[in-house]
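Contents: one structure, followed by commentary.
Reminder, nothing fancy here: chain letters follow the sequence lines and each chain counts from 1.
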Protein chains: 2
Amino acid sequence: MSNTTHPDTSRSSDESAHAEVTVPRSPELEVEQEAALRLWVILSRAHAAIASHAHADVARSGLTLAEFAILEVLYHRGPMLLGEVQRRILVSSGGITFLVDRLTAKGLVERRNCDKDRRARYAALTPPGEALVAELFPAHADAITQAMRGLAADDQQVVAEMLRSLGLHAAAKPLP
Amino acid sequence: MSNTTHPDTSRSSDESAHAEVTVPRSPELEVEQEAALRLWVILSRAHAAIASHAHADVARSGLTLAEFAILEVLYHRGPMLLGEVQRRILVSSGGITFLVDRLTAKGLVERRNCDKDRRARYAALTPPGEALVAELFPAHADAITQAMRGLAADDQQVVAEMLRSLGLHAAAKPLP
DNA sequence: ATTACATTTCTCAGTAGTGAGATAAGCGAG
DNA sequence: CTCGCTTATCTCACTACTGAGAAATGTAAT
């Protein structure tokens, strides 16, 4: 089964074990919080559900989602600085080193020095890496598409647009 | 920084390293796939961005998101069979045992036998666990609410409704 | 009752990462 | 030039899980 972690905050009407409100606050805030918490649960579930399909698909080739994401971004955008890849696929700094190491060990990716900046290094697909992505990508795109069929394509665009705002705002906001 | 794993599939116009299309397919499918892949990226990013705020908030009390999710669901719904908690917070079967063990070690949760089914066990908050959730929840709800401010509350409801369809469909679909 | 199967939790070896700090290089002001 | 700050990658000890399978119990059909 698919698996991700998220809170459950659906207080369905009065069946909650703790209905008493200790601090009465503004009704607007209450409504806003309810919407936000509900969306958080649903967002987590939707992400988990889709991710499990994506994961199951890439796992067939012995890759993790993070590995596949790297291969894919290098395939579609060409060689890229490690830091750039890191920001794109959202792993930690240690993570990108680790993942590129592993992909290098598999012969799918290689590091290249950067002439302009001797601290920096490029990640680039090797020919076998390129061949692998070319082979895997169509089926993967199809798996994602199938998994997304719960929503019509035009609704998908609406959701995407809204989630983009949401994500940008949250990413921009400094962590507490 | 926040961190999650997801593919990057944004082929912005023609700067892609691989623009040649090998197999010409139906334009509808092409459009559908583009929408689906784009949504997958954006969904992943939005989830990661919000999750990092949620994570930073609960981490202040030395809890993981999964632990907090368990405490919260037990707080709001009362004692619950382990399997039920597992399905709600979406962890593996091993995960729920492990997490409840850890919360038990922290004195926040206890197991109770089930009279009707001797295989099954309840998870329930201890008084300290209940007190902790009562103390943490308001600030946590606030953190989530703040993180979600990229979208107006009514838009949040629209997105939530759509994501619910998406998630239910994907969760129902058997994995390949 | 017996057999076969399903469900619930637990076990545990394994893994995919994280994150804090180290190292090295570039960058700008004085 | 050189001091202080920033940026890019790497190191490594650590962790929060996963997932496959075991054990125990329930359930149903013959």
NA contact type, B:G95, heavy-atom cut-off 4.0 Å: base, sugar-phosphate, or nothing? base

Within a strict 4.5 Å, meaning less than it, do heavy atoms of the A:V85 and A:L99 side chains meet? no

For C:dT7, does the base pair up with any side-chain atom of B:R119 as donor and acceptor (N or O, under 3.5 Å, distance only)? yes

Would you say the base of D:dC17 and the side-chain of B:T64 have a donor-acceptor pair closer than 3.5 Å? no

Gap between atoms CZ and P, on B:R87 and C:dT9 respectively (whole Å): 8 Å

Touch check for B:G83, heavy atoms < 4.0 angstrom, all strands: base, sugar-phosphate only, or nothing? sugar-phosphate

Side-chain N,O (B:R111) to OP1/OP2 (C:dT9) below 4.0 Å: no

Closest to the 5' end of DNA chain D, once A:D101 and A:D117 are matched to their nearest nucleotides, is A:D117

If I take atom CD1 in residue A:I70 and atom C1' in nucleotide C:dA16, what distance separates them, rounded to the nearest angstrom? 12 Å

Shortest non-hydrogen pair, A:V58 vs A:T64, comes out as CG2-C, 3.9 Å

Report the distance from atom CG of A:D115 to atom P of C:dA25, rounded to the nearest whole Å. 15 Å

Judged by nearest nucleotide, the residue sitting upstream toward the 5' end of DNA chain C, B:I96 or A:K116, is B:I96

Report the distance from atom CG of B:L90 to atom C1' of D:dA16, rounded to the nearest whole Å. 16 Å

Value in whole Å for how far the C1' atom of D:dT15 lies from CZ of A:F98: 13 Å

Side chains of A:Q33 and A:E30: closer than 4.5 Å at any heavy-atom pair? no

B:K106 NZ to D:dT15 C1', straight-line distance once rounded to whole Å: 12 Å

Quick one: which of B:E110, B:E130, B:E72 gives a side-chain contact (heavy atoms from CB on, under 4.5 Å) with B:L125? B:E130

When rounded to whole Å, the CG to P distance for the pair A:L81 and D:dC10 reads 11 Å

Which nucleotide in D:dT9, D:dT18, C:dT18 has an atom nearest any side-chain atom of B:S92: D:dT18

Do any side-chain nitrogens or oxygens of A:R102 fall under 4.0 Å of OP1 or OP2 in C:dT15? no

Within this structure, what is the CZ-to-C1' distance between A:R121 and D:dT7, rounded to whole angstrom? 16 Å

Please step through salt bridge (charged side-chain N to carboxylate O under 4.0 Å, His left out) for the pair B:E84 and B:R77, ending with a clear verdict. CA-CA 11 Å; B:E84 212 176 334; B:R77 318 277 283 212; over 6 Å; no

Closer than 4.0 Å, any side-chain N/O of B:R118 to the OP1 or OP2 of D:dG26? yes

